[in-house]
Amino acid sequence: MSTTLADYAAPNPISRNRSGVIGRAVDRYEGPLKVSGTAPYAYEVETPSPPVYGVLVEAAIGCGVVTAVDDAAARAAPGVKLVWHAFHRPADQPEKGARSYVGSQSGAKPVFAEPNVRFFGQPVAFVAADTLENACFAAELVRVTYEETPGDFVFDPLQGEICDGESRVGDFEAAFAEAPIQLDETYSTPIENHCQMEPCATTAWWDGEVLTVHTSVQMVKPPQHLLAETLRIPRANVHLLSRYIGGGFGGKGSTYEDLEMAAMASRALGQPVKIALTRRQMFNATVHRPATVQRVRLGATPDGRLTAFALEAVTHCARGAPFIERAANFSRGLYAAPNRLTGHALQTLDIAVASAMRAPGEASGMLSLECAMDQLAEQLGLDPIELRIRNEAEVDPETGHPHSARQLVECMTDGARSFGWDKRNPRPGQVRDGEWLVGMGMAAAIRGNFLLPAKAAMRVEADGRVIVRQGMTDIGTGSYTIIAQIAAETMGVPIERVVVEIGDSGFAPAPGSGGQFGAASAGSAVYEGGMLMRRTLAGMAAGDPASPIYGAAAEDIDFRDGLITASNKSETLAALVSRLMPSGVEVVGDSTPVAESRTFSQHAYGAHFVEVGVNIVTGEPRLRRMLGVFACGRILNAKTARSQITGGMIWGVGQALSEFNAVDPRYGSLIAQDLGGYLAPVHADIVDLDAYFLDEVDDKANPLGIKGVGEVGICGAGAAVANAIYNACGARIRDYPITPDKLLPFLPELI
Amino acid sequence: MRPFTYERAADAAGAAKAAAETPGARFLAGGTNLLDLMKLDIEQPAHLVDVGRLPLARIEDAPGGALRIGAMASNSAVAADARVRRAYPVLAQALLSGGSPQLRNKASVGGNLLQRTRCAYFYDTAKPCNKRQPGAGCAAIGGLNRMSAILGTSDACIAAHPSDMAVALSALNATVETVAPDGGQRVIDIDDLHRLPGETPQVETSLAPGELITAVVLPPPPAGGQRYRKVRDRASYASGLASVAVAGDRIALGGVALKPWRAHKAEAALKAGAPPMAAAEVELAAADGHGGADFKVRLTCRLMTAVVLEAQR
């Protein structure tokens with residue numbers, strides 16, 4: 001059942017929201033399990049028989065070939081069941097990337113298929129033993145000999161090659177040359193790591209020909225397909241589950257050796273196998289957000305209208321794993337300027353794989369442009385908000401498409417009032433609080449909104465419970481909860497009567513979590529399933545002489561309080577279903593994005609306001625308070641949405657102040673390989689942080705009128721911090737993160 | 001982690017004896033550092049002598065107005081002790097700027113003194129490190145060494161000592177009481193406990209094999225103000241870029257050397273009437289940041305200046 005845009009305007013249970021459950025701060029559906037430690041994460045799932053524990057051995061070089069593996073000691077170690085590496089691996093594996101099945105979303109991934117070491121920390125051997133301790137010990141006994149070859153480890157923006165096409169509007173070069181006010185600055189952002197609380201982990205076992213795999217992933221279909229291809233078994237024989245996930249942030253949009261290794265080792269051993277990556281492996285052997293170097297050029301009139309705009313970004317990816325951190329894309333939809341140039345260049349390196357991290361593109365790119373806008377405002381003598389208002393785009397500045405719903409200016413002006421922006425002294429270095437130089441900064445936020453095809457199975461049981469089953473995931477975002485809310489309101493039942501089961505490859509397919517498309521895509525399918533169920537139940541009741549609403553016209557039938565009603569008569573869903581279909585009624589909702597939706601420029605928007613202190617002795621920059629104001633369509637759940645937004649903002653503070661990784665040019669390895677070396681913000685860093693949403697319904701986005709909130713919170717957040725630091729102490733640091741050492745040279749001498 | 005044997009010590013002298021007699025033995029106290037390092041295969045003890053339940057956790061008055069802190073007193077307990085807070089606030093401040101509450105609850109005073117460097121190359125077992133493998137070389141030299149030491153380094157090692165507590169103890173002229181495997185006891189000045197790397201960075205202290213720290217003794221507090229201050233990349237739970245402890249006219253530096261760095265030259269300069277910044281510059285004159293840590297020189301001078309002035313207030 002597909003929906004057209006016209007249908008969205010029809011009376012819609014989500015819009016009517018008669019029970020008020022849409023938007024309410026409903027507690028997390030699975031919260032009690034998580035806070036009581038009883039939610040079984042992938043590694044903790046109980047196995048049908050005692051498991052074997054697997055441990056991966058990491059490459060100690062950055063580039064080269066494994067020439068020999070001495071595994072004799074490991075094999076002889078206590079409890080060891082199996083050792084695999086390039087010279088002793090499962091036989092009869094398919095070719096890497098092979099796809100035997102129609103529509104596979106992933107190719108085969110044979111284990112240790114090649115002796116090559118492509119990056120430092122790459123798994124080069126695998127050990128399974130009866131206990132985790134024995135497996136760890138045996139792993140330390142594996143002796144790997146390498147032949148090192150020189151690798152490209154150093155990110156050099158000059159070595160980037162233009163990729164992905166430039167986007168040009170008008171004649172940027174000419175307009176920039178003629179612009180009376182010019183800005184030309186270069187910014188750099190470092191490698192960032194995801195730091196999910198739960199590491200990647202898999203528990204796998206076989207029951208005859210059927211493989212059951214519990215793993216920690218953002219999407220359930222691609223890994224199911226990967227296993228089917230790798231193991232050469234029918235897709236239907238791979239039952240992949242991901243019920244509870246301790247953070248993904250894009251890093252679990254890929255899968256790692258734990259997945260296929262657990263499945264293959266379990267098959268080889270005839271026992272369940274558990275594998276979890278170590279924290280070190282999470283840093284070295286999964287993915288990261290690549291570093292960028294970005295050049296921003298702005299040309300403006302003296303009254304602050306942009307005439308020329310360019311954002312060119314260089315980034316890096318791993319050899320054989322193309323990925324572009326599209327740091328310029330967001331800017332194509334942000335500010336009006338008649339002459340525009342945006343594009344990306346890419347350098348291939350022999351380091352770990354670069355891939356998606358929360359708001360890929362925006363989270364890097366807004367760190368440059370939104371600081372450049374702050375600097376331009378100062379050059380022009382304009383308030384930074386006023387400069388942005390003067391360049392507000394009436395329509396999408398590149399495509400010319402109308403906006404679906406855009407309250408960027410309202411976010412800025414409303415936020416300015418709430419924050420007390422009028423108290424900001426535009427001259428830097430003027431406000432002092434004891435040893436602290438105090439400053440304020442702001443930045444805009446934008447993040448594209450997407451709708452992907454999704455399905456959802458909806459059941460009404462004979463006892464009246466509504467069951468939703470969907471191949472969706474909840475990576476800590478609140479998917480379970482908003483699905484329950486949508487189902488409850490659509491079916492007119494109390495939320496306590498809704499059961500949500502997700503994270504299962506056997507369920508109706510949904511795109512999973514990523515790109516802040518999850519709630520809109522999965523939620524729309526739940527809504528469609530609910531509407532189809534309403535029609536189905538209405539037809540059953542109206543056609544059943546035993547029903548009190550027998551013969552009612554379809555337009556008179558309604559669903560509320562667990563009842564199906566028509567003109568003052570009603571019966572419970574339980575009565576209807578138990579009478580007519582005691583085994584339960586099931587339908588599948590299908591949400592397919594309509595082509596028309598692409599003729600609107602669709603984004604979530606926001607504005608960040610930050611007050612920082614910079615210690616005049618030490619240069620330590622510390623957040624004092626932060627406010628984010630966002631417009632993201634209808635908000636499904638005030639609590640989980642706010643948590644998503646503030647989580648993003650906090651990450652933005654980390655980007656600005658402390659999070660970075662770097663490659664040692666001699667070894668190709670990351671310098672920070674654990675949470676002690678990679679500094680994400682801690683509680684003491686985030687003292688006074690708040691966020692709220694403006695009222696909005698985006699009726700062009702989807703039948704729910706919602707937009708994604710998972711990623712827009714990080715977009716621009718770090719730039720607001722950087723701008724506040726400039727306002728505090730006059731140091732315009734364009735090399736993130738802004739650590740004390742970078743601010744020291746700008747501080748006054750002490751006597 | 002490698003297999004190891006384990007015993008729980010019955011008394012301090014017995015623990016020392018057991019540690020001396022068993023090849024590859026290490027003491028286990030709070031375990032907040034040793035166990036992590038064992039899991040990472042950096043520490044590979046064959047035997048653990050658990051001293052965690054020895055009756056060494058008391059904080060008690062000692063003759064001459066001193067305070068004796070048992071080696072097994074937790075960092076939290078010491079920081080919360082009323083006598084410490086009143087008479088040795090620099091120590092309480094230093095303790096509370098280290099680790100996290102959970103770590104401080106488990107970490108012992110003796111273990112805090114003996115914790116090992118947080119140098120990233122010490123932690124990465126794929127890299128040469130003279131502490132882990134004497135003679136292998138030092139990957140931090142010429143590497144990404146922003147967190148490295150700037151004073152007292154050698155061609156063999158530029159790691160920094162991570163303890164905050166030890167820096168305060170240095171400024172307080174604390175002493176360390178030990179028991180040897182033969183039952184003999186001795187007292188070591190805090191500044192003689194840790195060694196600079198020299199050619200043997202794997203030898204980190206002046207303790208003999210099996211020698212066990214049983215207590216730290218604080219002499220009566222010096223006249224004058226006390227203050228500990230630490231600069232770090234985030235507000236809590238991070239290694240110091242630099243730290244300064246001032247107790248009266250005594251100054252010690254942290255994050256700048258492989259031991260708490262008693263700033264004798266700066267103390268002398270101050271006594272001779274030099275302004276604080278000039279005194280700091282005298283102390284740091286020989287500093288070498290090896291590129292990545294160059295900024296620490298200026299940072300430490302500024303911090304020392306500020307803390308000296310604060311303590312005088």
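Throughout, a chain's letter reflects where its sequence line sits, starting with A, and its residues are numbered from 1. All of these numbers come straight from a predicted model, not from anything done at the bench.
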Of the backbone (N, CA, C, O) and the side chain (C-beta and beyond), which part of [X] lies under 4.5 Å from a heavy atom of chain B, both, or neither?
| X | value |
| --- | --- |
| A:P745 | backbone |
| A:E133 | backbone |
| A:L747 | both |

- Task: Quick one: pull up CG in A:L670 and CG in A:N661 and give me the separation to the nearest 0.5 Å.
- Result: 4.5 Å

Less than 4.0 angstrom from a charged side-chain N to a carboxylate O is my criterion; do [X] and [Y] meet it?
| X | Y | result |
| --- | --- | --- |
| A:E140 | B:R2 | yes |
| B:K265 | B:E283 | no |
| A:R624 | A:D433 | yes |
| B:D233 | B:R146 | yes |
| A:R280 | A:E58 | no |

- Do you know which of B:M1, B:K39, B:R234 has the most heavy-atom pairs with chain A at a distance under 4.5 angstrom? B:R234

- Between B:C301, B:A242, B:G142, the one whose heavy-atom pairs under 4.5 Å with chain A are most numerous: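 Between B:C301, B:A242, B:G142, the count favours B:G142.
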
- Query: Checking B:Y123 against chain A: side chain, backbone, both or neither under 4.5 Å from a heavy atom?
  - Reply: both

- Query: Under a 4.5 Å heavy-atom cut-off, does chain A meet the side chain of B:A139, its backbone, both or neither?
  - Reply: both

- Message: Heavy-atom pairs under 4.5 Å with chain B: which of A:H683, A:Q673, A:R666 has the most?
- Response: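 Greatest number of close heavy-atom pairs with chain B: A:R666.
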
- Heavy-atom contacts under 4.5 Å, residues 40-47 of chain B to chain A: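 When heavy atoms of chain A are the reference, residues 40-47 of chain B contributes B:L40, B:D41 within the under-4.5 Å range.
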
